[in-house]
Amino acid sequence: MTEAVSLELLYEAPGLPADPLPEALAQVYGGTLGFPPSCLYANFVSTADGVVAIPSIPGSNKLIADASSTDRFVMGLLRASADVILVGSGTMAASPKSIWSPEQGYPPVAAELAELRQALGLPAELPVAILSASGRIDPDHPVFAAGGLLITTDRGAEAVADRLPAAATIASTGATLDISAAVAILRAQGHRRILSEGGPTVIGSLLAGGLVDELFLTISPLLVGRTPDDGRLALVEGADLLPDLTRGRLLGVRRDADHLFLRYALSATTAASAAP
Ligand SMILES: NC(=O)c1ccc[n+]([C@@H]2O[C@H](COP(=O)([O-])OP(=O)(O)OC[C@H]3O[C@@H](n4cnc5c(N)ncnc54)[C@H](OP(=O)(O)O)[C@@H]3O)[C@@H](O)[C@H]2O)c1
């Protein structure tokens, strides 16, 4: 490992599942990382005042994370642990070069992340699924050439089908993009551990559907504020999670200097509404 990354374990709930992490990863992460056999978990980095995206700043994730290498390490680790990764078209547009691979998350431990996937019986390449109801996506985005799955509507599929590279695949949930149906498509493909790196709109939709089992949340030590017209996004957008509150049960707290790395188990909600 070329950079100094480390996590100080402050709290971990007892009895969590434990995956066979290679020693180099286990040393940095500390404590346990593992998941129930079937699980949808999300990963976010947020400023201390709750901002996760600043559209006026290209690549704002780096600013929001305060350029934390440890946050990148956790991102790589969570990707390596997944059967499939789910992102929304908004996140895809904001990351024109990403293919959401574990090694892109944190290259210095690429070999160890590959070793973890092998130990978990997962394929070397992490499959990526992109959500877009409209089909207004860039078909030349590298994620499609790398074999990405576009989950869309009949109308979206019609708009984009003959412009995607041969390696890409398309699935439709019909007239509308129903998030439960999208997750069911991934489950039907045999994916048990689903990682959402979708943005605030996708997580809002997933939370409103009661579909998120766990949230990994990095809190950076920055405060950036919001004004009515600046377009900055909070962690959840486009979904009203009241009156049924989504409640987190703390599973883990880690620290690297001024950054906190929180892990929550979320209670399922069913009655909330979402507007993608
Ligand atoms: N800080 C972090 O950890 C973090 C993590 C992820 C993303 N981000 C940032 O968040 C920003 C993007 O936010 P976003 O909310 O626009 O992105 P997003 O949640 O990734 O994508 C939202 C888009 O997904 C499509 N979609 C289709 N069906 C949907 C459904 N049922 N539910 C929800 N979405 C559906 C819609 O686009 P169509 O018009 O194509 O249908 C929707 O506009 C970027 O700046 C990105 O970098 C930050």
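Every number for a ligand or one of its atoms is a count from 1 in the order of the listing. Throughout, numbering of the chain's residues begins at 1 and tracks the sequence. Side-chain atoms are counted along with the backbone in the values below, which use heavy atoms only and exclude waters and symmetry mates.
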Would you check whether Glu197 has a nitrogen or oxygen atom less than 3.5 angstrom from a nitrogen or oxygen atom of ligand 1?
-> no

Taking both backbone and side-chain atoms of Leu233, is any N or O found less than 3.5 Å from an N or O belonging to ligand 1?
-> no

Can an N or O of Ser134 be found at a distance shorter than 3.5 Å from an N or O of ligand 1?
-> yes

Is there at least one pair of N or O atoms, one from Ile64 and one from ligand 1, spaced under 3.5 Å apart?
-> no

Lys NZ or Arg CZ of Arg254 over Phe216 ring: under 6.0 Å, within 45° | no

Looking only at non-hydrogen atoms, which of Thr201, Val87, Ile151 approaches atom 33 (C) of ligand 1 most closely?
-> Thr201

Pairs involving residues 39-56, ordered by first then second residue, that meet side-chain hydrogen bond (donor to acceptor under 3.5 Å, both in side chains) (sequence neighbours left out) | Thr47-Asp49

Side-chain donor or acceptor of Ser180 paired with backbone N/O of Val183 under 3.5 Å | no

For Arg247, does its backbone N or O pair with a side-chain atom of Ser267 as donor and acceptor, under 3.5 Å?
-> yes

So side-chain hydrogen bond (donor to acceptor under 3.5 Å, both in side chains) across residues 135-149, not counting sequence neighbours, yields none

Before signing off on this row, confirm whether Ala94 and ligand 1 have an N or O atom pair separated by under 3.5 Å.
-> no

Compute the shortest N/O to N/O distance between Val52 and ligand 1 and return yes if it is under 3.5 Å, no if not.
-> yes

For the residue pair Trp100 and Leu126, establish whether any side-chain heavy-atom pair is separated by less than 4.5 Å.
-> no

Given the rule that I, L, V, M, F, W and Y join up when any side-chain heavy atoms are under 4.5 Å apart, are Met75 and Leu251 in one cluster?
-> no

Heavy-atom proximity to atom 42 (C) of ligand 1, best of Ser89, Gly88, Ala42 = Ser89

Taking atom types as modelled, is there a side-chain donor on Asp256 or Thr70 under 3.5 Å from an acceptor on the other?
-> yes

Find all atoms of ligand 1 within a distance of less than 4.0 Å from any non-hydrogen atom belonging to Leu131, and give their numbers and elements.
-> 24 (O), 25 (C)

Side chain, backbone, both or neither: the part of Asn61 lying under 4.0 Å from ligand 1 by heavy atom | side chain

Side-chain donor or acceptor of Ser220 paired with backbone N/O of Ile64 under 3.5 Å | yes

Which option out of Gly209, Ser132, Ala181 puts a heavy atom nearest to atom 40 (O) of ligand 1?
-> Ser132

For ligand 1, which part of Ala53 has a heavy atom less than 4.0 Å away: the side chain, the backbone, both, or neither?
-> side chain

N or O contact, Ala133 vs ligand 1, cut-off under 3.5 Å = yes

Ser205-ligand 1 polar pair, N/O distance under 3.5 Å | yes

Contact check: Phe44 vs ligand 1, nitrogen or oxygen atoms, below 3.5 angstrom = no

With distance as the sole test, does Arg263 use its side chain to make a donor-acceptor pair with the main-chain N or O of Glu214 at under 3.5 Å?
-> no

Tell me which part of Ile203 gets within contact of ligand 1: side chain, backbone, both or neither, using heavy atoms under 4.0 Å.
-> neither

Out of curiosity, is Gly198 lining ligand 1, as in a heavy atom under 4.0 Å away?
-> yes

Among Ser220, Pro200, Ala239, closest by any non-hydrogen atom to atom 13 (O) of ligand 1 = Pro200

Under the 3.5 angstrom rule, does the side chain of Arg187 hit a backbone N or O of His191 as a donor-acceptor pair?
-> yes

